[in-house]
Q: 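Just dropping this structure here.
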Amino acid sequence: MAQESIVTELESRKLIAQLAGGEELVEHLASGSRTVYCGFDPTAESLHIGNLLPLLALRRFQLAGHRPIALVGGATGLIGDPSFKDTERKLNSVDVIADWVERIKPQLARFLDFDCGANSALLVNNLEWTRDYEMLGFLRDVGKHFSVNNMIQKESVRQRIERDGEGISYTEFSYMILQSFDFSELCKRYDCTIQVGGSDQWGNITGGIDLTRRLHQQQVYGITFPLITKADGSKFGKTEAGTVWLDPAKTSPYAFFQFWLNAADADVYDFLRYFTFLPPAKIEKIEHADAASNARPVAQGVLAREVTGLVHGEQGLAAAERITGALFTGELSGLGEDDLRQLEHDGLPCTEVAPQTPLLDVLVESGLARSRRIARDLVNSGAVSANNAVQSAGDDPLDRNLALHGKYFVIKRGKKNFHLAKLA
RNA sequence: GGAGGGGUUCCCGAGUGGCCAAAGGGAUCAGACUGUAAAUCUGACGCGUAAGCUUCGGUGGUUCAAAUCCACCCCCCUCCA
């Protein structure tokens, strides 16, 4: 089953930040089918692309013949991971977390195969083994194995402890113990011997390794992935609209596609390694070809298609490409009424506006501008066009005579923000 | 419980009675240039067409005038108990 070393595969994709276990871990993975886990805390109603890397990594492990466990943090989500967070977070209610857990489960499930024999994936919730654990027992059985002296040395919480003006509650401080306990519990229940996660999880993972050794006299291992950074230093995973979510209702496949399409040249080849299943050799070929040509690189298009297909399937990808094609080629007049309806259906943001609504209000209602004041600025700077015609009179309503099929306007703000306005 | 420090516009952070819608930086947006890149330059960045209006943890007060002073309350941090 386990043929080519998964470690080699991850290395060739630059996906390994740290190994807890070194050569022994490599050997451990090479010598049999192992069980690997990664946790995902419900911090919102949907996963986002920050979760994509570990999620795809689990799949890489499965493809290499290992058994993945996706853990949803129904328990840890109630506490909040303080790792490298510079402020204490406010707690969400129990009901909200429970709801998020249920929403996230299917998102995790779609990347893994639950029906492929011995290495079928597992989906678990750590609330299962923590909910009814009696407090005194927990403190005696588990807490006794943790040294506070050791815990406060962890880099992941140090800034919280040392930085002036910030602190850490006992609740968040305990997070590491819970996650450590998860690892030991998965080891006991499912013979899980490897935990993977982002490099910010190093402290929590090694905590779990120590605890498992003490509790079950079992050697387990950890692998962390590099923090995804962008060449220009800005934060990965954010756009002007905020977080890029995996839920198509929160980030449309079109917006998702656009996010990847806009990857910087300096980042795109690494992103191909990180976020697609294309062989590294092929990625290198693309990189060389792009470097040799003077035209616009093709890598962004490949990346956008691959990842969108992975996350939103063939249909989502097709929808995203339809919108992109219609909007960025500028050929609006060729669009039939059915095409426009399809674009709306595909997820191009659409607003119905009353006839005679001044353009400024259309901009505000559609969300293209936050206020009329801003809208006016945009119009004055020539940033707004309707059906490819630059608009200069913000107080005038959209002219029905210029509408596509009597009612549609493709409103553009700036170079790449589109909205479909439909006259009522 | 005691002592001290602090809560300013998306973030950081200046501002200690009028010249404050509030310095500076970051983020963001737009224009130019481009490849729906990067870098750079320019402009915008509480709301309002404007006059003007509403903001500086909360409530109340002093004053012609408060982010700035007073009282009480809430929250955060540090040290002591």
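Lettering of chains follows the sequences in order, A, B, ..., and the numbering in each one begins at 1.
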Q: Just N and O in the side chain of Ser371(A): are any of them under 4.0 Å from OP1 or OP2 of G46(B)?
A: no
Q: Between U9(B) and G58(B), how many Å separate the two P atoms, rounded to a whole number?
A: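 10 Å, rounded to whole Å.
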Q: Taking only side-chain nitrogens and oxygens of Arg413(A), does any of them come within less than 4.0 Å of OP1 or OP2 of A30(B)?
A: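 Answer yes for this pair, as a side-chain N or O of Arg413(A) is under 4.0 Å from OP1 or OP2.
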Q: Can the ring centroids of Tyr175(A) and Tyr170(A) be said to lie less than 6.0 angstrom from one another?
A: no
Q: Distance check, P atoms only: C74(B) and A67(B), in whole angstrom units.
A: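 Comparing P positions in C74(B) and A67(B) gives a spacing of 24 Å.
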Q: Tell me the interatomic distance from Lys85(A), atom NZ, to C76(B), atom P, rounded to whole angstroms.
A: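 In whole Å, C76(B) P and Lys85(A) NZ are 20 Å from each other.
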Q: Asp265(A) has an atom CG; how far is it from atom C1' of A38(B), in whole Å?
A: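 Distance, rounded to whole Å: 7 Å.
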Q: CD of Glu306(A) to CG of Leu303(A): how many Å apart, nearest 0.5 Å?
A: 8.5 Å
Q: With respect to the phosphate group of A37(B), does any side-chain polar atom (N or O) of Lys416(A) fall under 4.0 Å of OP1 or OP2?
A: yes
Q: Check whether any side-chain N or O of His345(A) sits under 3.5 Å from a backbone N or O of Arg341(A) as a donor-acceptor pair, and report yes or no.
A: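 It does not hold such a pair.
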Q: What is the distance from CG of Leu360(A) to C1' of A50(B), rounded to the nearest Å?
A: 14 Å
Q: Tell me whether the OP1 or OP2 atom of A44(B) has a side-chain N or O from Arg373(A) closer than 4.0 Å.
A: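 Checking Arg373(A) against A44(B): no side-chain N or O falls below 4.0 Å of OP1 or OP2.
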Q: Check the pair Arg376(A) / Asp395(A) against salt bridge (Lys or Arg N to Asp or Glu O under 4.0 Å), numbers first and verdict last.
A: CA-CA 9 Å; Arg376(A) 195 174 293 275; Asp395(A) 293 310; 3.4 Å; yes
Q: Of Arg160(A) and Ala264(A), whose nearest nucleotide on RNA chain B comes first from the 5' end?
A: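 Closest to the 5' end, via its nearest nucleotide, is Ala264(A).
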Q: Using atom C1' in both nucleotides, what's the gap between G6(B) and C12(B) to the nearest angstrom?
A: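 Here G6(B) and C12(B) have their C1' atoms 15 Å from each other.
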Q: Of Val364(A) and Gln300(A), whose nearest nucleotide on RNA chain B comes first from the 5' end?
A: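 Closer to the 5' end of RNA chain B: Gln300(A).
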Q: C76(B) C1' sits how many Å from Glu172(A) CD, rounded?
A: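 Taking atom C1' of C76(B) as the reference, CD of Glu172(A) is at 14 Å.
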Q: Mind checking salt bridge (Lys or Arg N to Asp or Glu O under 4.0 Å) for Glu11(A) and listing every partner two or more places apart, or none if nothing turns up?
A: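 Testing Glu11(A) for salt bridge (Lys or Arg N to Asp or Glu O under 4.0 Å), a comparison that skips the adjacent residues, returns none.
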Q: Please state the P separation for the pair A14(B) and G5(B) - nearest whole angstrom.
A: 16 Å
Q: Lys230(A) NZ to A38(B) P: how many Å, rounded?
A: 9 Å
Q: Got a salt bridge between Glu352(A) and Lys407(A), using NZ or NE/NH1/NH2 to carboxylate O under 4.0 Å?
A: no
Q: What integer number of Å spans the C1' atoms of A21(B) and G48(B)?
A: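 It comes out at 13 Å once rounded to the nearest Å.
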Q: Are any of Lys415(A)'s side-chain N or O atoms less than 4.0 Å away from OP1 or OP2 of C33(B)?
A: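 For Lys415(A), the contact criterion (side-chain N or O under 4.0 Å from OP1 or OP2 of C33(B)) is not met.
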Q: Any side-chain N or O of Arg372(A) below 4.0 angstrom from OP1/OP2 of U49(B)?
A: yes
Q: Whole-Å distance between C29(B) P and Asn380(A) CG?
A: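 That distance rounds to 20 Å.
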Q: According to a strict under-4.0 Å criterion, is Arg370(A) in side-chain N/O contact with OP1 or OP2 of C29(B)?
A: no
Q: Sticking with atom C1', work out how far C77(B) lies from A44(B), rounded to a whole angstrom.
A: 37 Å
Q: Reckon Leu378(A) touches a base, only the sugar-phosphate, or nothing at all at heavy-atom distances under 4.0 Å?
A: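 Sugar-phosphate contact only.
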Q: Report which part of the nucleic acid Gln258(A) touches: base, sugar-phosphate, or nothing (heavy-atom distance under 4.0 Å, all strands).
A: base
Q: Take the protein atom CZ of Arg376(A) and the nucleotide atom C1' of C47(B), then report the distance between them rounded to whole Å.
A: 13 Å
Q: Rounded to the Å, how far apart are Ile374(A) CD1 and G46(B) C1'?
A: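 Interatomic distance, CD1 of Ile374(A) to C1' of G46(B): 9 Å.
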